[in-house]
Amino acid sequence: MYRFLLSRQWVILTLVALALIPVMIELGFWQFHRHERRVAQNTLIADNLKAAPVPVEELTSPGHVVPRADYWRQVTATGTFDTAHEVVVRRRTSSDDRVGAHVLTPLVLEDGRIVLVNRGWVPGAANQRDYPEVPPAPRGRVTVTGRLKADETTGASGIKDLKGLPDRQVMLISSRQQAELIGREVLGGYIEQTEPAAAGGSPEQIPEPDHDSIGAHMAYAVQWWLFAAGVPVGWLVLVRREKRDRETGTTGGGDGGTEGAGAGDGVPQGGDDAIQATSPR
């Protein structure tokens, strides 16, 4: 009764089922690994935000690539803002999703080197090619506290580094690009300023990164694994249903044959009676 499994339809169905199982298992592990990375990142952010601030020169230097372990580390920097080389980073959103720009101002350290400081978000100009209205940076010697971040790249951020932009406008925060424009040594990475607070609340400082939510990756992983377990169960249900349908069809055909045989048996009997009725006495 299981010979139907060798039919073309059932061979294709079985092969599809066998292919789906490992794919769904792998998708489940993919979501599980995303969950693990999210948990690890949340732990890293929380630990680095709680750590005591250190001078930025201890964690980075010109040409240095900030490692992930140092992301969001609390750092301090003392120097004077160089507003002549200030730029804005286009197409950035505020905490309430308004589109504007980040204000990137070089801070000249006491040894003459520079560290880039992201002072926060400002609304964009009515014409996107115009330079937005930016509150002036504090004058004189100032100590800035903030979170250390790595240079932005297109690969990591998905933001294209467009060419031909208006003067003093950029797409990515890059210490190397700014070093070429300024003509001085710039420490790798940049600082997201948290202190001192901006006068009048502008630029709007960037909020702490989210490190509480873990997303639904674990739920998705369990979902995929349940789907993988359901494939063979579903296949067995279909096989049993097909077997039952075929058995029912065979039984129905046998009953009809029996009835036909009975009718045939009655023909000769009727014929004998007819012969006897017409035979001469």
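Just the heavy atoms: all of them, side chains too, but no hydrogens, waters or symmetry mates, feed the values below.
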- prompt: Is Y131 linked to L162 within one hydrophobic cluster, defined over Ile, Leu, Val, Met, Phe, Trp and Tyr using a side-chain heavy-atom separation of less than 4.5 Å?
  reply: no

field: Residues, nucleotides or ligands: over 12 heavy atoms within 6.0 Å of Y220 OH
entry: no

query: Which atoms form the tightest heavy-atom contact between V115 and A77, and what is the distance?
result: CG1-CB, 4.1 Å

query: Can you find a pair of side-chain heavy atoms, one from F4 and one from Q9, that are under 4.5 Å apart?
result: no

- request: Mark yes or no for whether T194, through its side chain, and T145, through its backbone, hold a donor-acceptor pair below 3.5 Å.
  value: yes

message: Do P106 and V117 make a side-chain contact, defined as non-hydrogen atoms from C-beta onward lying under 4.5 Å apart?
response: no

field: Non-hydrogen side-chain atoms of P123 and E133 separated by less than 4.5 Å
entry: no

statement: Tightest non-hydrogen contact, residues V186 and Q178, listed as CG2-C, 4.4 Å

- request: Spell out, as yes or no, whether a donor-acceptor pair under 3.5 Å connects the side chain of R90 to the backbone of Q128.
  value: yes

message: Is any side-chain heavy atom of D130 closer than 4.5 Å to one of P166?
response: no

Transitive ILVMFWY side-chain link I21 to M24, under 4.5 Å: yes

- request: Under the side chain to side chain contact (heavy atoms under 4.5 Å, CB included) rule, what do I114 and H85 come out as? Steps first, then yes or no, please.
  value: CA-CA 11 Å; I114 288 175; H85 293 101; over 6 Å; no

message: Less than 4.0 angstrom from a charged side-chain N to a carboxylate O is my criterion; do E180 and R176 meet it?
response: no

task: Could you pull out all residues at least two apart from F81 that satisfy ring pair (Phe, Tyr, Trp, His ring centres under 6.0 Å)?
output: none

message: Determine whether a donor-acceptor pair (N or O, by modelled atom type, separation under 3.5 Å) exists between the side chain of R184 and the backbone of G112.
response: yes

query: How long is the gap from OG1 on T248 to NZ on K243, to the nearest 0.5 Å?
result: 9.5 Å

Charged N-O contact under 4.0 Å between E208 and R147: no

- prompt: Is there a side chain to side chain contact (heavy atoms under 4.5 Å, CB included) between L27 and Q31 once you walk through the steps?
  reply: CA-CA 6 Å; L27 287 171; Q31 289 290 349; 5.9 Å; no

statement: Taken to the nearest 0.5 Å, the spacing of D82 CG from T105 OG1 works out to 9.0 Å

- request: Ignoring hydrogens and angles, tell me if any N or O in the side chain of W121 forms a donor-acceptor pair with the backbone of R92 under 3.5 Å.
  value: yes

query: Taking all non-hydrogen atoms of both residues, which atom of A197 and which atom of Q205 are closest, and how far apart?
result: CA-NE2, 3.7 Å

- request: May I ask you to test the Q74-L49 pair for a side-chain heavy-atom distance under 4.5 Å?
  value: yes

Expected output: side-chain T154 to main-chain I159 donor-acceptor under 3.5 Å: yes

message: Check for me, please, whether V233 and L20 land in the same ILVMFWY cluster - side-chain distances under 4.5 Å, paths through other members count.
response: no

field: Hydrophobic cluster membership, F227 vs V23, 4.5 Å side-chain cutoff
entry: yes

query: To the nearest 0.5 Å, how far apart are CG in L44 and CH2 in W72?
result: 6.0 Å

query: Going by heavy atoms in the side chains, are V56 and V144 under 4.5 Å from each other?
result: no

- prompt: Where do R34 and R37 land on the side chain to side chain contact (heavy atoms under 4.5 Å, CB included) test, with the steps shown first?
  reply: CA-CA 5 Å; R34 293 187 69 185; R37 286 195 295 271; 3.3 Å; yes

message: When you compare the side chain of L238 with that of W10, does any pair of heavy atoms fall below 4.5 Å?
response: yes

query: When rounded to the nearest 0.5 angstrom, what is the spacing between CD in E58 and OG1 in T76?
result: 8.0 Å

- request: Give the C-alpha distance, both sets of side-chain angles, the deciding distance and a yes or no for side chain to side chain contact (heavy atoms under 4.5 Å, CB included) between V103 and E86.
  value: CA-CA 7 Å; V103 181; E86 184 175 77; 3.6 Å; yes

- prompt: What residues, two or more places apart in sequence or in another chain, satisfy ring pair (Phe, Tyr, Trp, His ring centres under 6.0 Å) together with F29?
  reply: W225

query: Between atom CG of D210 and atom CD1 of I45, what is the distance when rounded to the nearest 0.5 Å?
result: 7.5 Å

- prompt: For R129 and L165, which heavy atoms make the closest approach, and how far apart are they?
  reply: NH2-C, 4.5 Å

query: So, S95 and E204: side-chain donor and acceptor under 3.5 Å apart, yes or no?
result: yes

Where R119 and P203 come nearest, the two heavy atoms and their spacing: O-CB, 3.6 Å

- prompt: In Å, rounded to the nearest 0.5 Å, how long is the span from CG of L116 to CD1 of I182?
  reply: 6.0 Å

message: I'd like to know if the side chain of T83 pairs up with that of R139 as donor and acceptor (distance under 3.5 Å, no hydrogens or angles considered).
response: no

query: Looking only at heavy atoms, which two atoms of I173 and Y190 are closest? And how far apart?
result: CG2-CD2, 3.5 Å

query: Just by distance, do the side chain of D151 and the backbone of T153 share a donor-acceptor pair under 3.5 Å?
result: no

- request: Assess whether atom CD of E185 is packed by more than 12 heavy atoms of other residues, nucleotides or ligands within 6.0 Å.
  value: no

query: Do N118 and K149 touch side chain to side chain, with heavy atoms closer than 4.5 Å?
result: no

message: Does R91, at its CZ atom, have more than 12 non-hydrogen atoms belonging to other residues, nucleotides or ligands within less than 6.0 Å?
response: no

- prompt: Is there a donor-acceptor pair closer than 3.5 Å between any side-chain N or O of T60 and the backbone N or O of G188?
  reply: yes

message: Grouping I, L, V, M, F, W and Y whenever their side-chain heavy atoms are under 4.5 Å apart, do V231 and W235 come out in a common cluster?
response: no

